[in-house]
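Let me begin by handing over the structure; questions about it come next.
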2 protein chains.
Amino acid sequence: MSALSLIPSREFERADGNLSLLADMCRANALVAVKRAGSGHVGSSFSSLDIVVHLLWRELNVAQVGWNDPDRDIFFSSKGHDVPGLYAALSALGVIPAERLLLLRRLGGLDGHPDIGVPGIEANSGSLGMGLSKGRGLAWGKRHLGRGGRVVVMTGDGELQEGQNWEAFAAAAHQGIGDLWAVVDRNELQSDRPTEEILALRDLEQKIAAFGWHVETCDGHDHQALAAAFASFRAAPPDVPKALVAHTIKGRGVSFMEHPQALRDGNGLYRWHAGAPDDETFARAHAELVDRIRAELPDLVLEPVAVARVEGSLEGEPESGSGTPSRRRAAVTDEYVAAAYGEELLALVEARADVVVVDADLSSDCRVRAVEVEQPQRFVEVGIAEQDMVSMAAGLARQGLVPVVNSFASFLAARANEQIYNQASERTRVVYALHYAGLIPAGPGKSHQSIRDISLLAALPNVALVQPTNAEETKAMLRWAVEEAEESVGIRLAIGPSPRRIELPGQTSFGRGHVLADGDGPTLVAYGPVMVHEALVAAEALTARGVQLRVVALPWLNRFDTDWLVDELGAIEDLFVLEDHSPVGGLADALRRSLGTAVAVTAFGVEGWPACGTPPEALAAHGLDGASLALRIESALAVAAGRS
Amino acid sequence: MSALSLIPSREFERADGNLSLLADMCRANALVAVKRAGSGHVGSSFSSLDIVVHLLWRELNVAQVGWNDPDRDIFFSSKGHDVPGLYAALSALGVIPAERLLLLRRLGGLDGHPDIGVPGIEANSGSLGMGLSKGRGLAWGKRHLGRGGRVVVMTGDGELQEGQNWEAFAAAAHQGIGDLWAVVDRNELQSDRPTEEILALRDLEQKIAAFGWHVETCDGHDHQALAAAFASFRAAPPDVPKALVAHTIKGRGVSFMEHPQALRDGNGLYRWHAGAPDDETFARAHAELVDRIRAELPDLVLEPVAVARVEGSLEGEPESGSGTPSRRRAAVTDEYVAAAYGEELLALVEARADVVVVDADLSSDCRVRAVEVEQPQRFVEVGIAEQDMVSMAAGLARQGLVPVVNSFASFLAARANEQIYNQASERTRVVYALHYAGLIPAGPGKSHQSIRDISLLAALPNVALVQPTNAEETKAMLRWAVEEAEESVGIRLAIGPSPRRIELPGQTSFGRGHVLADGDGPTLVAYGPVMVHEALVAAEALTARGVQLRVVALPWLNRFDTDWLVDELGAIEDLFVLEDHSPVGGLADALRRSLGTAVAVTAFGVEGWPACGTPPEALAAHGLDGASLALRIESALAVAAGRS
């Protein structure tokens with residue numbers, strides 16, 4: 001990795017109210033934090049930073065009164081993935097220590113998306129579209145309690161495709177919440193393509209005004225214009241909420257990251273939305289920022305930081321729109337089950353006229369870009385609007401088509417849950433690809449980790465839930481879901497690289513698992529490449545200690561072949577189930593329902609809120625890494641032996 | 001009940017294209033169907049019927065080509081509660097037999113909200129805001145498959161408060177789905193109050209146009225104007241979606257049900273949104289319609305229909321906005337746990353400065369109207385927007401307030417699921433009142449019945465789920481949730497009257513149940529007034545057959561006092577759990593997790609999709625009525641005895 005250095009907090013004091021300079025200084029530090037973490041969102045950190053700096057240094061009272069004063073102005077970002085920029089600003093203001101800035105996306109460090117556990121962070125966000133509603137609650141609360149202070153919510157422009165924003169726009173106007181300010185970071189790019197291509201916002205100012213807001217528009221990098229816009233807010237009627245559409249440039253501050261040049265360089269795709277740049281690119285970007293800063297502060301001091309290799313930190317860190325796998329760092333293996341999914345999906349689209357692929361602006365991460373490019377007439381892009389996506393798919397299915405619906409599991413299973421219920425109640429068939437299922441990668445934090453998706457869908461009468469173990473099984477199960485299943489199917493998919501290539505001893509059969517490590521000891525059932533790997537690690541550790549753990553990969557999460565189940569699991573004294581899911585509502589619950597009292601099932605699942613960190617950190621934090629599992633199993637066996 | 005009579009299908013043929021006359025004839029029959037069912041939505045059936053008739057008799061091809069032709073025009077209502085009017089029209093066209101019209105909201109009859117199991121119904125709807133997305137999917141599918149026919153979706157105006165509509169408006173314009181037509185039944189009233197009061201839509205035409213649609217507006221009861229509007233749609237660019245804002249009158253056709261007179265008569269509340277009119281009112285309304293029809297068809301034939309009392313059909317049928325309990329028919333008891341909730345909530349608001357009540361246009365059904373009227377400064381109305389409601393509550397909670405959030409369980413737990421996750425992740429406390437939880441009443445159908453809410457929330461690390469057994473316990477548990485609980489709480493509430501007054505032997509203690517019927521036989525655990533009643537009925541039936549069933553009311557669904565649990569349930573050979581919830585993810589699963597293999601748990605839950613019908617019909621259809629339960633328990637005991 002390149003040598004990294006931070007601009008220390010005291011240097012910011014020397015910038016003496018030069019807001020453009022301060023923003024560049026924050027950009028430099030945010031870039032270092034992202035580089036150090038190996039992931040994070042540079043593009044929109046940079047587009048939003050002039051606004052963030054203007055608010056924190058100039059417009060809002062919070063730097064003066066502190067982050068605990070009830071009368072403070074409240075600022076937070078609804079999109080949340082611009083948080084590296086905000087962290088850099090908070091660090092510059094002394095709210096976050098510099099050393100913590102270097103713990104971006106690490107356990108006990110700074111969450112990959114905003115979390116109120118971090119000083120200066122006012123709201124949990126990261127799943128899009130909730131911020132204006134929450135900000136209205138904060139502002140209503142302030143007014144009700146007689147507290148001072150405004151509430152300023154930053155939103156993305158692509159984010160406004162989420163319908164909840166329009167609920168919030170309407171309600172804020174109706175309720176007369178004039179102390180709610182929205183600032184739209186109008187950088188005109190979504191994850192990797194222009195908003196106008198994905199789902200045009202049209203005349204955004206007109207729309208927001210039609211919903212009853214006072215609307216200003218300005219150049220979001222021009223501090224005089226920002227000052228004028230905010231001044232006009234202060235002069236506007238006190239009972240009218242205010243929105244600023246701030247026109248910005250994604251990647252602002254680094255020439256080759258700036259839209260539109262960057263878009264041309266990327267042949268229509270923006271490459272700097274998420275993910276850390278490689279060493280050479282980082283060096284160029286950082287140098288460009290530092291050169292510009294030094295034009296104002298020639299004696300700028302940079303403090304080198306230690307850059308010990310972070311185990312696991314660079315493996316399989318996905319992002320909304322993190323782009324092509326080639327930009328990811330070397331993986332533990334080069335198997336990505338999601339890539340296998342994408343290949344098989346393209347093959348199915350080519351082979352069958354009835355398959356339609358539906359996407360909510362995660363085309364790249366969900367590996368459906370090949371379909372989008374090669375079979376555009378079979379690809380539907382709905383923008384960032386999961387509810388609309390699911391109900392549209394329900395309509396497609398009623399025309400006899402087989403829609404394959406894509407998003408991250410945490411968004412699809414939760415936000416569109418009622419729409420999935422409605423679709424399933426029509427007894428049509430839709431395939432739900434639940435990408436980024438589970439705990440890992442853990443860098444993006446709890447807004448993105450999905451530990452409830454099984455519980456959210458398993459009570460639907462006619463939705464089968466599966467998670468394939470390796471690339472081949474992913475293809476087989478997708479084919480089954482499209483061609484053979486008699487009900488809707490939710491396919492959980494790991495988004496990162498497989499920690500090992502898992503060979504399966506036979507074909508995948510409905511409702512049956514694979515015995516991967518046979519032994520005369522207890523049995524550990526797991527699903528998905530990440531957790532089956534940990535199960536195998538546990539077995540290896542236990543073998544060395546004389547315990548022959550039987551490991552079963554069970555890709556069926558709520559549909560079982562009863563004969564197989566009884567034969568393979570029905571007579572086991574101690575059955576352990578490993579889940580990258582809450583222990584409530586996952587596979588262990590389903591097995592208990594099916595096996596009755598014949599088998600004592602112990603679940604090792606994600607207890608509490610999912611930890612943010614590197615994969616090893618997060619797994620260990622939950623006791624779900626192979627080594628911890630071996631100890632937990634030994635301990636459980638000892639307790640059982642003591643009882644008997 | 002009054003003598004009821006229907007206008008037979010053949011009389012409609014004589015109306016000879018007189019669309020206003022046909023609409024009135026449909027109104028008369030829809031009114032009879034609702035009266036017969038004891039519930040249903042008259043107000044918006046009447047406001048929408050001119051449009052429905054105009055579409056089905058004049059504009060669309062479906063009556064000609066039939067409901068199975070792939071090239072047919074597709075029409076459905078997104079709001080769905082106007083379906084009695086549509087059923088009447090479909091019956092007039094011969095699609096639905098007249099006798100089935102008399103089985104509105106009955107098992108095997110016509111679902112209380114649209115279900116594709118009924119001829120002529122094109123989409124499941126009833127939960128608001130999904131229709132434009134689904135219609136776009138249907139239209140995209142038609143275009144893709146080269147099929148003819150437009151897709152016309154009726155929406156309410158209040159319904160447009162749901163954000164998903166704005167996702168769909170944006171996407172339809174962007175995707176150029178010109179064969180999608182939206183017709184907004186702009187009757188200016190929501191459940192019982194004006195849209196402008198609840199959440200103003202402002203200049204609706206301007207808003208929809210700003211989202212890129214071709215917009216027309218007209219009098220929705222003027223067939224010439226409707227014809228002109230639809231003609232302009234046909235002349236408009238083929239790749240632009242079309243919306244008609246049709247200004248209508250809620251209750252149209254019956255003078256005293258028409259807005260605005262009806263609103264004045266109701267002192268600002270509209271009384272005819274839902275629920276069947278009483279005998280005298282029905283007679284007046286029907287006579288007024290028939291008189292007007294006879295002005296055109298003097299020899300109109302009315303066919304009397306049998307009106308045998310329908311057991312249970314009139315008990316506890318709630319609706320979105322069904323209004324005050326006084327309009328409901330005599331109940332089995334006069335205890336409503338929801339009413340107790342409303343009383344206690346008002347007391348808490350009066351006693352504590354930090355309690356704020358939040359509502360999404362179900363103020364009356366959720367029994368929060370008293371707070372709204374008496375403590376308006378502590379009441380927040382967000383309109384029909386559950387996601388916005390929850391995130392706003394999250395913001396209120398971050399200001400230290402204790403928001404009590406109200407909606408039906410099926411909407412709140414599912415549609416706002418990700419927002420609840422986000423709120424809970426901030427470790428604030430919000431009380432979620434999950435009204436109309438469970439299977440009963442079963443007349444509104446599967447869009448409204450809630451059989452998944454426990455599964456949807458139980459995997460959240462810090463949300464306790466409870467369902468009180470009677471009115472007193474409801475008050476105690478709400479008080480506990482507001483004043484003592486250290487986490488967020490979801491309170492399941494039955495919406496209808498309690499089938500019996502259940503005396504509890506002692507105070508409610510955290511995590512403990514009540515032994516209601518002690519015996520030396522098996523134990524049946526149940527929760528909520530409806531299911532505990534059925535459990536007691538089962539116990540009574542079994543006593544007569546020599547089995548002493550022990551009945552335990554357990555109001556804690558995912559939090560248990562372990563000592564109590566082990567003492568009371570830990571040594572039971574056969575533990576039966578009765579749930580008005582899916583057997584997946586409910587109390588039985590939680591007990592299995594807690595009790596391990598010591599106890600064999602058998603769940604009697606709602607298998608498959610919830611049945612629509614009267615309470616006895618629906619309970620019996622799922623084998624969950626007391627008599628069925630007694631048989632199922634006997635049968636299970638016999639099997640167990642045979643095994644041992």
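By convention in this document, chain letters (A, B, ...) are assigned in the order of the sequence lines, proteins followed by strands, and residues within each chain are numbered from 1.
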Next item on the list: Check each atom of I121(B) against the heavy atoms of chain A and say whether the ones under 4.5 Å are side chain, backbone, both or neither.
Entry: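 Just its backbone gets close to chain A.
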Item checked: Most chain B-contacting option - heavy-atom pairs closer than 4.5 Å, from A590(A), G605(A), S127(A) ->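 Winner by heavy-atom pair count: S127(A).
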Item checked: For the student: nearest non-hydrogen atoms of W140(A) and Q377(B), plus distance ->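 So the minimum-distance heavy-atom pair works out to CH2-O, 3.5 Å.
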Check: Does any heavy atom of chain B fall under 4.5 Å from the side chain of E205(A), the backbone, both, or neither of them?
Finding: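 Neither part.
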Note to self: With a 4.5 angstrom heavy-atom cut-off, is it the side chain or the backbone of A588(A) that approaches chain B, or both, or neither?
What the structure shows: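 No part of A588(A) comes within 4.5 Å of chain B.
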Next item on the list: Determine the option with the most heavy-atom pairs under 4.5 angstrom with chain B, choosing from E381(A), H581(A), R147(A).
Entry: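 If we count pairs closer than 4.5 Å to chain B, R147(A) comes out on top.
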Item checked: Top of R415(A), Q206(A), E196(A), E426(A) for chain B proximity - count of heavy-atom pairs under 4.5 angstrom ->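 Counting heavy-atom pairs under 4.5 Å, the top option is E426(A).
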Checklist line | Contacts with chain B made by residues 594-602 of chain A (heavy-atom distance under 4.5 Å), listed by residue number | finding: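 T597(A), V599(A), A600(A) fall under the 4.5 Å cut-off.
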Check: Quick one: what part of P610(A) sits under 4.5 Å from any heavy atom of chain B, side chain, backbone, both or neither?
Finding: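 Only the side chain of P610(A) comes within 4.5 Å of chain B.
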Check: Highest number of heavy-atom pairs under 4.5 Å with chain A: which of S582(B), G585(B), G586(B)?
Finding: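 The residue among S582(B), G585(B), G586(B) with the greatest pair count is S582(B).
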Next item on the list: Give the minimum heavy-atom separation between D388(B) and A171(A), together with the two atoms involved.
Entry: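 Where D388(B) meets A171(A) most closely, the heavy atoms are OD2-CB, 3.7 Å.
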Checklist line | Residue pair Q399(B), H144(A): steps toward the side chain to side chain contact (heavy atoms under 4.5 Å, CB included) verdict | finding: CA-CA 10 Å; Q399(B) 283 288 312; H144(A) 181 70; over 6 Å; no
Next item on the list: Please state whether the side chain, the backbone, both or neither of L456(A) comes within less than 4.5 Å of a heavy atom of chain B.
Entry: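 Both backbone and side chain.
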Note to self: For the backbone of V584(B) and the side chain of R593(A), can you confirm whether one donor and one acceptor N or O come within less than 3.5 Å of each other?
What the structure shows: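 No; zero donor-acceptor contacts below 3.5 Å.
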Notebook entry, point to check: In terms of heavy-atom pairs under 4.5 Å, which option from L457(B), N558(B), L460(B) contacts chain A the most?
Noted result: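 Heavy-atom pair counts peak at L460(B).
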Check: Strictly by modelled atom types, are E162(B) and Q387(A) linked by a side-chain donor-acceptor pair under 3.5 Å?
Finding: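 Absent: no donor and acceptor within the cut-off.
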Notebook entry, point to check: Is chain A contacted by the side chain of L199(B), its backbone, both, or neither, given a heavy-atom distance below 4.5 Å?
Noted result: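 Contact with chain A involves both backbone and side-chain atoms of L199(B).
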Item checked: Option that, when pairs with chain B are counted at under 4.5 Å, heavy atom only, ranks first among M389(A), R202(A), E386(A) ->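 Winner by heavy-atom pair count: R202(A).
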Check: Heavy-atom distance under 4.5 Å to chain B: side chain of F169(A), backbone, both or neither?
Finding: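 When you check distances to chain B, no heavy atom of F169(A) falls under 4.5 Å.
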Margin query: Only pairs of heavy atoms separated by less than 4.5 Å count here; which of S391(A), P403(A), G400(A), A210(A) has the most with chain B?
Written below: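 Ranked by heavy-atom pairs under 4.5 Å with chain B, first place is S391(A).
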Note to self: Strictly by side chain to side chain donor-acceptor pair (under 3.5 Å), give each pair with a member in residues 165-175 of chain B just once, sequence neighbours left out.
What the structure shows: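 Found R136(B)-Q175(B).
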Next item on the list: For Q449(A) and Y421(B), work out which heavy atoms get closest and say how close.
Entry: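 Distance-wise, the nearest heavy atoms are O-OH, 4.0 Å.
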Notebook entry, point to check: Between I177(A) and chain B, which part of the residue has a heavy atom less than 4.5 Å away: side chain, backbone, both or neither?
Noted result: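 Contact with chain B: none, neither part.
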Item checked: Side chain, backbone, both or neither of I74(A) within contact of chain B (heavy atoms, under 4.5 Å) ->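 Contact with chain B is through the side chain of I74(A) alone.
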Check: Just how far is it from atom OG of S455(A) to atom CD1 of I454(B), taken to the nearest 0.5 Å?
Finding: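 The OG atom of S455(A) sits 12.5 Å away from the CD1 atom of I454(B).
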Check: In terms of heavy-atom pairs under 4.5 Å with chain B, which of D115(A), D203(A), N462(A), V356(A) leads?
Finding: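 Of the options given, most contacts go to N462(A).
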Checklist line | Side chain / backbone / both / neither for V358(B) at chain A, heavy atoms under 4.5 Å | finding: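 V358(B) has no heavy atom closer than 4.5 Å to chain A.
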Notebook entry, point to check: In Å, rounded to the nearest 0.5 Å, how long is the span from CG of N417(B) to CG of N417(A)?
Noted result: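 Going from CG on N417(B) over to CG on N417(A), the span is 5.5 Å.
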Check: Is it the side chain or the backbone of Q161(A) that comes within 4.5 Å of chain B heavy atoms, both, or neither?
Finding: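 The backbone, not the side chain.
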Item checked: Backbone of A123(A) reached by a side-chain donor or acceptor of R398(B) within 3.5 Å ->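 Here the side-chain-to-backbone pair does not exist.
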Check: Picking from G383(B), G212(B), A394(B), which has the most non-hydrogen pairs under 4.5 angstrom with chain A?
Finding: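 That would be G212(B).
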Check: Are the side chain of N124(A) and the backbone N or O of S425(B) linked by a donor-acceptor pair below 3.5 Å?
Finding: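 A pair under 3.5 Å: yes.
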Notebook entry, point to check: Q423(A) versus chain B, heavy atoms under 4.5 Å apart: side chain, backbone, both or neither?
Noted result: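 Neither part.
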Item checked: chain A contact via A424(B) - side chain, backbone, both or neither, heavy atoms under 4.5 Å ->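 Interface part for A424(B): both.
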Next item on the list: Identify which of I198(B), I451(B), L201(B), L132(B) forms the greatest number of heavy-atom pairs closer than 4.5 Å to chain A.
Entry: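 Most heavy-atom pairs under 4.5 Å with chain A: I198(B).
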